[in-house]
Amino acid sequence: MNRPSASWAGRHVLVSAGPTYEDIDPVRFIGNRSSGKMGFAIAAAAARRGATVTLVAGPVHLPTPEGVRRIDVRSAAQMHAAVLAQLPATIYFGAAAVADFTPATVTADKLKKRAGQDTMTLELVRTEDILADVARHHARPTRVVGFAAETGELDGYARDKLQRKHVDLICANRVGVAGSGFEADDNTLVVHGHGIERTLGPASKAAVADALLDLVEQEFADVP
């Protein structure tokens, strides 16, 4: 896992990691439980192999891997802009858990509950689809690898996402169970591609990251 290598020298690897926080007001936000550990492990593994690595990170408390250039963002809109600004890249790993929806408006002052108020309605709007936009970008990376965090039906959702987003690989992992997914140090990825189906792990996220990069090397030997 810690082996240094120059096998990815000359490649620009772009990784997005962590959650996004969608502000409601100056106090509250909509977020998720992503720790960023999987994406950070991928960035570290690519750097060890000699790649030039750019890591676009949501709001997480993790040290920057050695040899990695880090760009910190907060919201889905900021992550979308930061990722597309880093193209072209050789390989994109979209490991971030990006919010699908964001508040339609962000109030300048803290929202206060009124006397007698028992409910509140919050209007949400769709965020831009980073993975799909990277996959159809005029400077599309040679390989685009997406992630899907699911609570069930991993294979079905992964295959559907693979087709809809026009990507090369989808790495599905189960969340809401011990030892996998968000916040955990270990993970299991079920990787789907066009003619590819592989399970990586269970193992540490660092080991799973190296196994994923090995799979990319094996299956996509034509990547320059």
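With contacts defined as side-chain heavy-atom distances shorter than 4.5 Å, the pair Ile30/Thr102 does not qualify. In this structure the side chain of Arg143 never reaches within 4.5 angstrom of the side chain of Thr90, judged on heavy atoms. Inter-residue side-chain proximity for Glu123 and Thr105 is flagged as unmet; no heavy-atom pair is nearer than 4.5 Å. Using a 4.5 Å cut-off on side-chain heavy atoms (C-beta onward), Leu87 and Pro141 make contact. In this structure the side chain of Ile24 reaches within 4.5 angstrom of the side chain of Leu122, judged on heavy atoms. Side-chain contact check for Glu128 versus Met79: every heavy-atom pair is 4.5 Å or farther apart. The closest side-chain heavy-atom distance from Asp23 to Arg74 is below 4.5 Å. Annotation: side chain of Trp8 is in contact with side chain of Val216 (closest heavy-atom distance under 4.5 Å).
Here the side chain of Lys205 pairs a donor or acceptor atom with the backbone of Ala184 at under 3.5 angstrom. When atom types are taken as modelled, the side chain of Gln218 and the backbone of Leu215 share no donor-acceptor pair closer than 3.5 angstrom. Lys37 places no side-chain N or O within donor-acceptor distance of the main-chain N or O of Ala206, the cut-off being under 3.5 Å. Asn32 places a side-chain N or O within donor-acceptor distance of the main-chain N or O of Ser34, the cut-off being under 3.5 Å. For Gln117 (side chain) and Thr119 (main-chain N/O), a donor-acceptor pair under 3.5 Å exists by modelled atom type. Side-chain atoms of Arg28 come within 3.5 Å of backbone atoms of Leu111 as a donor-acceptor pair (strictly under, hydrogens ignored). When atom types are taken as modelled, the side chain of Ser75 and the backbone of Tyr21 share no donor-acceptor pair closer than 3.5 angstrom.
For the 3.5 Å distance criterion, the side chains of Glu217 and Ser7 qualify, holding a donor opposite an acceptor. In this model, a donor atom of one side chain and an acceptor atom of the other lie less than 3.5 Å apart for Thr20 and Glu22. If you check the side chains of Asp168 and His194, you find no donor sitting under 3.5 Å from an acceptor.
For residues 55-68, the pairs satisfying side-chain hydrogen bond (donor to acceptor under 3.5 Å, both in side chains) are Thr64-Arg70, with sequence neighbours left out.
Across all non-hydrogen atoms, the minimal contact from Pro19 to Val60 is CD-CG1, 3.4 Å. Here the closest heavy-atom approach between residue Ala76 and residue Ile130 is recorded as O-CD1, 4.1 Å. Across all their heavy atoms, Phe101 and Thr127 have their closest contact at C-CG2, 3.9 Å. Nearest heavy atom pair, residue Phe147 against residue Met38, reads CE2-CG, 4.1 Å. Of all heavy-atom pairs between His192 and Leu162, the closest is O-CD1, 3.8 Å. Across all their heavy atoms, Ala135 and Val144 have their closest contact at CA-CG2, 4.3 Å.
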Set out, in order, the CA-CA distance, both residues' side-chain angles and the distance that settles side chain to side chain contact (heavy atoms under 4.5 Å, CB included) for Leu213 and Ile42, then state yes or no.
CA-CA 8 Å; Leu213 268 61; Ile42 292 170; 4.1 Å; yes

From CA spacing to verdict: side chain to side chain contact (heavy atoms under 4.5 Å, CB included), Val134, Val83:
CA-CA 8 Å; Val134 169; Val83 167; 3.7 Å; yes

Checking Glu197 against Arg159 for the salt bridge (charged side-chain N to carboxylate O under 4.0 Å, His left out) test, could you report, in this order, the C-alpha distance in whole Å, the side-chain angles of both residues, the deciding distance, and whether it holds?
CA-CA 10 Å; Glu197 184 172 337; Arg159 293 191 190 100; 3.6 Å; yes

Applying side chain to side chain contact (heavy atoms under 4.5 Å, CB included) to Val190 and Cys171, what does each step give before you reach the verdict?
CA-CA 6 Å; Val190 181; Cys171 306; over 6 Å; no

Side chain to side chain contact (heavy atoms under 4.5 Å, CB included), that's the test. Do Ile196 and Leu169 meet it? Break it down for me.
CA-CA 8 Å; Ile196 301 168; Leu169 291 177; 4.0 Å; yes

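Interatomic distance, Leu189 CG to Asn173 CG, rounded to the nearest 0.5 Å: 5.5 Å. The CZ atom of Arg164 sits 8.0 Å away from atom CG of Asp129, with the distance rounded to the nearest 0.5 Å. Taken to the nearest 0.5 Å, the CG atom of Leu84 stands 6.0 Å off from the CG atom of Asp133. Rounding to the nearest 0.5 Å places CG of Leu200 at 9.0 Å from OG1 of Thr188.
For Phe220, the CZ atom is densely surrounded, since the number of other residues' heavy atoms within 6.0 Å is greater than 12.
A salt bridge links Arg48 with Asp210: at least one charged nitrogen is closer than 4.0 Å to a carboxylate oxygen. With salt bridges taken as basic N to acidic carboxylate O contacts below 4.0 Å, one links Asp214 and Arg49.
Residues Ile170 and Ile91 do not share a hydrophobic cluster, defined by chaining ILVMFWY side chains whose heavy atoms lie under 4.5 Å apart. Tracing side-chain contacts under 4.5 Å through hydrophobic residues (I, L, V, M, F, W, Y), one reaches Met120 starting from Leu124; they form part of the same cluster. Hydrophobic clustering keeps Ile71 apart from Phe93 (ILVMFWY residues linked when any side-chain heavy atoms are closer than 4.5 Å, directly or through intermediates). A single hydrophobic cluster is seen to contain both Val167 and Val98, as judged by linkage of ILVMFWY side chains at heavy-atom distances under 4.5 Å, directly or through other members.
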Let me have the donor-acceptor pairs involving side chains of residues 9-17, under 3.5 Å, with sequence neighbours excluded, atom names and distances please.
| from | atom 1 | to | atom 2 | distance (Å) |
| --- | --- | --- | --- | --- |
| Arg11 | NE | Pro224 | O | 3.4 |
| Arg11 | NH2 | Val223 | O | 3.3 |
| His12 | ND1 | Pro88 | O | 3.1 |
| His12 | NE2 | Thr54 | OG1 | 3.0 |
| Ser16 | OG | Tyr92 | OH | 2.7 |

